[in-house]
Amino acid sequence: MLIRRETPADAAAIAAIHRAAFAPHYAGDPAVTEPPEPALVDTLRADESWMPTLSLVALAYDTVVGHICLTRAGIGPFPVLALGPLGVDPDHQKTGVGSALVHAALGAADALDESVVGLVGDPDYYSRFGFVPGARRGIVPDQTDWAEYFQVRPLAAYDPAVTGEFRYPAPFYDL
């Protein structure tokens with residue numbers, strides 16, 4: 001497996017991966033005909049929060065099998081990062097692709113002297129990467145219904161004074 005930056009030629013494969021990876025989460029909802037994650041990634045690419053250096057793909061034999069992106073978010077006046085979406089082709093799930101993408105994204109963010117990464121996701125999955133409930137660090141999501149799944153990962157440049165309400169990039173609120 002190789003992990004590299006996304007290129008424009010990867011866009012269709014990335015959309016297909018997120019579509020396949022997230023479709024099961026919406027299977028019981030007749031109101032959802034298409035998972036919102038592919039459109040979210042497209043919208044993020046056009047948003048000021050997009051950070052092309054932090055949009056990564058995993059390749060298996062020259063085929064894109066996973067994608068992750070980090071985008072600019074904020075805690076009050078402090079710039080931080082939001083992780084997501086993370087998607088892995090169903091045929092490659094539970095093989096380490098998702099873990100490799102998370103490790104690569106966190107390493108890249110750390111190398112860029114970013115301080116904190118926040119996300120809404122499964123605590124059982126993300127705790128293995130050092131994510132903790134945001135409230136433990138005094139960081140809360142601006143949507144109260146996200147609180148149970150909201151987590152943060154302090155990086156090397158973390159400053160404990162960075163506390164308050166976490167704000168995702170605008171496209172996340174259109175999901």
Side-chain angles (χ1 to χ4, degrees), residues 1-73 80-109 114 117-129 131 141-143 145-153 166-175:
M1 174 177 33
L2 170 72
I3 295 178
R4 64 160 170 78
R5 284 177 57 174
E6 163 188 337
T7 68
D10 299 323
I14 289 169
I17 284 167
H18 287 300
R19 192 172 296 109
F22 286 98
H25 298 283
Y26 302 98
D29 187 346
V32 178
T33 57
E34 166 95 355
E37 287 78 7
L40 172 62
V41 173
D42 284 341
T43 305
L44 285 168
R45 283 189 191 106
D47 190 75
E48 65 185 356
S49 65
W50 186 249
M51 301 180 74
T53 57
L54 296 175
S55 181
L56 307 174
V57 293
L59 300 171
Y61 304 106
D62 296 326
T63 299
V64 176
V65 297
H67 174 256
I68 190 171
C69 62
L70 297 170
T71 50
R72 179 61 65 209
V80 297
L81 296 174
L83 186 152
L86 163 65
V88 176
D89 178 84
D91 292 338
H92 290 85
Q93 291 177 0
K94 300 189 185 321
T95 65
V97 172
S99 292
L101 283 165
V102 173
H103 284 299
L106 292 175
E114 296 291 341
V117 177
L119 64 83
V120 174
D122 180 358
D124 290 336
Y125 181 77
Y126 287 101
S127 64
R128 71 182 84 176
F129 307 106
F131 283 89
D142 63 352
Q143 303 292 308
D145 56 328
W146 294 349
E148 181 180 353
Y149 298 100
F150 180 72
Q151 303 156 72
V152 296
R153 169 62 155 79
F166 184 95
R167 177 101 180 127
Y168 270 95
F172 279 89
Y173 299 95
D174 295 331
L175 287 177

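Reckoned from all heavy atoms, side chains included, excluding hydrogens, waters and symmetry mates.
Ser99 and Tyr125 make their closest contact through N-OH, 3.4 Å (heavy atoms, listed as atom of the first residue, atom of the second, distance). The heavy-atom pair separating Gly96 from Met1 by the smallest distance is O-CE, 4.2 Å. Counting all heavy atoms, side chain and backbone alike, Pro24 lies closest to Ala21 at CD-O, 3.6 Å. Glu37 and Pro85 get closest at one heavy-atom pair: CG-CB, 4.2 Å. Closest approach of Leu54 and Ala109 over heavy atoms only: CD2-N, 4.0 Å. Summarising the geometry of Leu44 relative to Ser49, their closest heavy-atom pair is CD2-OG, 3.9 Å, with the distance given to 0.1 Å.
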Passes side-chain contact (heavy atoms from CB on, under 4.5 Å), Tyr126 versus Leu86? Steps please. CA-CA 11 Å; Tyr126 287 101; Leu86 163 65; 3.4 Å; yes

Checking side-chain contact (heavy atoms from CB on, under 4.5 Å) for the pair Asp47/Phe172: CA distance, chi angles, key distance, verdict? CA-CA 11 Å; Asp47 190 75; Phe172 279 89; over 6 Å; no

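Looking at heavy atoms from C-beta onward, Pro141 lies out of side-chain contact with Val120 at the 4.5 angstrom threshold. Residues Trp50 and Cys69 meet the side-chain proximity criterion, which asks for heavy atoms closer than 4.5 Å.
Between the CZ atom of Phe166 and the CG atom of Leu119 there is a distance of 8.0 Å, given to the nearest 0.5 Å. Here the CG-CG distance, from Asp10 to Leu59, works out to 7.0 Å after rounding to the nearest 0.5 Å. The line from CG of Leu56 to CG of Leu70 is 7.5 Å long, rounded to the nearest 0.5 Å. Asp42 contributes atom CG, which lies 9.5 Å from atom NE2 of His18 (distance to the nearest 0.5 angstrom). Between atom CD1 of residue Ile3 and atom CD1 of residue Ile68 there is a gap of 9.0 Å, rounded to the nearest 0.5 Å. Taken from CE in Met51 to CZ in Arg45, the straight-line distance is 15.5 Å, to the nearest 0.5 Å.
Listed for the Gln151 side chain is a donor-acceptor partner under 3.5 Å among the backbone atoms of Tyr149. Using a distance-only test at 3.5 Å, with no hydrogens or angles considered, a donor-acceptor pair links the side chain of Tyr173 to the main chain of Tyr168. Between the side chain of Glu6 and the backbone N or O of Ala11 there is no donor-acceptor pair closer than 3.5 Å.
A salt bridge does not link Glu48 with Arg72: none of the charged nitrogens is closer than 4.0 Å to a carboxylate oxygen. Contact check on Arg153 versus Glu114 returns no salt bridge, with no Lys/Arg side-chain nitrogen under 4.0 Å from an Asp/Glu carboxylate oxygen.
Of the candidates Val64, Ile17, Leu101, Val57 forms a side chain to side chain contact (heavy atoms under 4.5 Å, CB included) with just one, namely Val64.
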